[in-house]
Protein chains: 2
Amino acid sequence: MFKFTRRTEYALIAMRHLQSKSMSEITTTKEISDQYAIPFEILSKVLQSLAKVKIIKPVYGPNGGYIIKQNLSNISLWDFLEIMEGPLGLADCFIDSDCTQLDNCNIRTPIQQINNKMKTILTKMTVSDVTL
Amino acid sequence: MFKFTRRTEYALIAMRHLQSKSMSEITTTKEISDQYAIPFEILSKVLQSLAKVKIIKPVYGPNGGYIIKQNLSNISLWDFLEIMEGPLGLADCFIDSDCTQLDNCNIRTPIQQINNKMKTILTKMTVSDVTL
DNA sequence: TTATACCCGACACTTAAAGTCGTATTTATG
DNA sequence: CATAAATACGACTTTAAGTGTCGGGTATAA
Ligand code: FES
Ligand code: FES
């Protein structure tokens with residue numbers, strides 16, 4: 001449990017990098033890939049998925065790249081993580097409500113309480129708490 | 001990120017089950033395995049590892065099994081999770097201090113703050129918050 | 001027209017978790 | 001003392017998820 005995926009780390013690094021630039025400055029995938037030693041192809045896809053959810057905006061053609069678009073303090077860290085990694089939860093029953101086999105599970109309630117505590121923390125924080 | 005491993009879930013279920021019995025009652029692996037539909041061999045190993053760290057006490061021979069031993073409110077949830085799943089942390093650098101490649105990582109400090117918040121929650125809680 | 005950048009699906013590789021198997025050890029009991 | 005019932009444990013296979021690669025496609029400035 002617990003570790004960010006590389007995708008998520010790459011995304012946060014890139015977003016912080018983009019955030020540090022002025023709104024009009026365009027940054028290429030290659031620039032970020034080089035500076036932080038992130039495999040180019042992987043970072044490409046990460047940035048593409050960020051573009052897909054409108055967090056960054058692509059600029060096509062020569063001298064193109066990305067610019068950061070949305071005010072990142074709008075997005076909670078929880079939501080961002082779910083964008084990057086899919087639905088989150090300490091156990092299956094908090095994700096797809098299908099904790100296989102464990103028909104009469106005896107720990108569901110206490111686990112749910114822990115789950116809620118973690119969720120609260122991450123919901124109160126925003127992406128810009130990381131990127132700013 | 002975020003989901004307990006099955007091992008951890010199995011352990012918590014078993015510990016709660018054991019906790020619900022009186023101190024002198026012995027419970028077999030098979031009883032728990034049957035009641036919660038956990039693969040016997042897997043549960044065996046989980047209980048063995050719990051026995052190894054003295055959380056439960058094995059009783060050999062016929063009519064043997066396990067009894068719960070230690071006061072579980074002594075063990076923080078964080079420590080317990082590290083027993084079950086190894087060192088925890090949001091990124092490698094908080095585990096083995098070797099975030100590969102990312103020489104000039106720009107998000108280490110903010111990530112560390114989140115890491116600490118999560119760790120605080122789990123350190124303040126004890127295993128008996130789940131098993132009791 | 002061309003070069004440069006983003007876009008994207010399909011595939012291969014790697015790793016960790018999950019589960020299986022065979023065998024050894026301990027001990028209560030007849 | 002033989003047996004059966006329980007834990008102990010290393011070696012192995014299978015599965016699933018994450019990570020990374022490849023080849024081609026689209027948009028656009030110059
Ligand atoms: S049923 Fe989901 S944790 Fe047990
Ligand atoms: S160096 Fe560990 S998160 Fe970047």
Side-chain angles (χ1 to χ4, degrees), chain A residues 1-11 14 18 25-34 37-69 81 84-88 91-92 95-96 99-102, chain B residues 1-11 14 18 25-34 37-69 81 84-88 91-92 95-96 99-102:
Chain A
M1 74 172 298
F2 221 69
K3 239 169 67 177
F4 288 149
T5 61
R6 274 202 162 0
R7 273 178 58 80
T8 300
E9 271 192 61
Y10 293 159
L18 287 167
E25 240 176 314
I26 295 181
T27 309
T28 67
T29 304
K30 185 153 196 338
E31 174 183 332
I32 301 176
S33 151
D34 282 348
I38 300 170
F40 177 83
E41 288 298 335
I42 311 265
L43 181 61
S44 281
K45 292 203 177 171
V46 170
L47 294 179
Q48 283 161 32
S49 61
L50 291 179
K52 213 164 200 172
V53 297
K54 315 278 190 190
I55 289 179
I56 61 179
K57 182 168 163 294
V59 177
Y60 291 117
N63 303 319
Y66 292 101
I67 57 181
I68 200 117
K69 198 186 168 198
L81 290 173
M84 296 305 299
E85 312 194 1
L88 298 182
D92 285 333
I95 298 176
D96 51 18
C99 265
T100 45
Q101 306 171 331
L102 313 177
Chain B
M1 74 173 297
F2 221 69
K3 240 170 66 177
F4 288 150
T5 61
R6 274 200 162 2
R7 274 177 57 82
T8 300
E9 272 193 61
Y10 294 159
L18 287 166
E25 240 176 314
I26 295 179
T27 310
T28 66
T29 304
K30 186 155 194 340
E31 174 184 331
I32 301 176
S33 149
D34 283 348
I38 300 170
F40 176 84
E41 287 299 334
I42 311 268
L43 181 60
S44 282
K45 293 204 176 171
V46 169
L47 294 178
Q48 282 160 32
S49 62
L50 290 180
K52 213 164 201 173
V53 297
K54 314 281 190 189
I55 289 179
I56 61 179
K57 182 167 164 294
V59 178
Y60 291 116
N63 304 319
Y66 292 100
I67 56 180
I68 200 119
K69 198 186 169 198
L81 289 173
M84 295 305 298
E85 313 194 0
L88 298 182
D92 285 334
I95 298 175
D96 52 18
C99 265
T100 45
Q101 308 170 330
L102 312 177

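Each of D:dA8, D:dA27, C:dC8 was ranked by its minimum atom distance to the side chain of A:Glu41; first place goes to C:dC8. Of the candidate nucleotides D:dA8, D:dG20, C:dT4, D:dA8 has the atom lying nearest to any side-chain atom of B:Tyr66. Distance from the side chain of B:Pro62 is smallest for C:dT27 among the nucleotides C:dT27, D:dA30, D:dA8. The side chain of A:Thr5 has D:dG18 as its nearest neighbour among D:dG23, C:dA5, D:dG18. Taking the side chain of A:Thr28 as heavy atoms from C-beta on, and the options D:dA27, D:dA8, C:dA5, the nearest nucleotide is C:dA5.
The nearest heavy atom of DNA chain C to A:Met1 and to A:Lys52 marks one nucleotide each, and the one closer to the 5' end goes with A:Lys52. Heavy-atom nearest nucleotides on DNA chain D were determined for A:Asn63 and for A:Tyr60, and the one closer to the 5' end corresponds to A:Tyr60. Taking the nucleotide of DNA chain D with the nearest heavy atom to each of A:Phe40 and B:Gly61, the more 5' of the two is matched to B:Gly61.
Look at CD1 on B:Ile38: it is 17 Å from C1' on C:dT20, rounded to the nearest Å. One can place NZ of A:Lys57 at 14 Å from C1' of C:dA5, the figure rounded to the nearest angstrom. Atom P of nucleotide D:dT7 and atom NZ of B:Lys54 are separated by 17 Å, given to the nearest angstrom. Nucleotide D:dG18 holds its P atom 14 Å from the CD atom of A:Glu9, rounded to whole Å. Rounded to an integer number of Å, the gap from B:Ile42 CD1 to C:dC21 C1' is 12 Å. Rounded to whole angstrom, the span from the CD1 atom of A:Ile26 across to the P atom of C:dC6 amounts to 10 Å. Rounded to whole Å, atom C1' of C:dA17 lies 16 Å from atom CZ of B:Phe4. If you measure from atom CG of A:Leu43 to atom C1' of D:dG18, you get 17 Å, rounded to the nearest angstrom.
At a cut-off of 3.5 angstrom, counting only N and O atoms as typed in the model, there is a donor on one side and an acceptor on the other between the side-chain of A:Lys45 and the base of D:dT21.
To the nearest 0.5 Å, atoms CG (B:Leu47) and OG (B:Ser33) are separated by 9.5 Å. Taken to the nearest 0.5 Å, the NZ atom of A:Lys52 stands 8.5 Å off from the CD atom of A:Gln48. If you take CD on A:Glu85 and NZ on B:Lys3, they are separated by 12.5 Å, rounding to the nearest 0.5 Å. One distance of note links CZ of B:Arg7 with CE of B:Met84; it measures 4.0 Å at 0.5 Å rounding.
A close approach under 4.0 Å does not occur between any side-chain nitrogen or oxygen of A:Arg7 and OP1 or OP2 of D:dT19. At the phosphate of D:dG20, OP1 or OP2 sits under 4.0 Å from a side-chain N or O atom of A:Tyr10.
With hydrogens and angles disregarded, no donor-acceptor distance shorter than 3.5 Å links the side chain of B:Thr8 to the backbone of B:Phe4.
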Please assess B:Tyr66 against B:Thr29 for the test side chain to side chain contact (heavy atoms under 4.5 Å, CB included), listing each intermediate value before the final yes or no. CA-CA 8 Å; B:Tyr66 292 100; B:Thr29 304; 3.5 Å; yes

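If you check every strand for non-hydrogen atoms under 4.0 Å, B:Gly64 touches sugar and phosphate atoms only. Residue A:Ser44 is classed as having no contact, given no heavy-atom separation below 4.0 Å to the nucleic acid.
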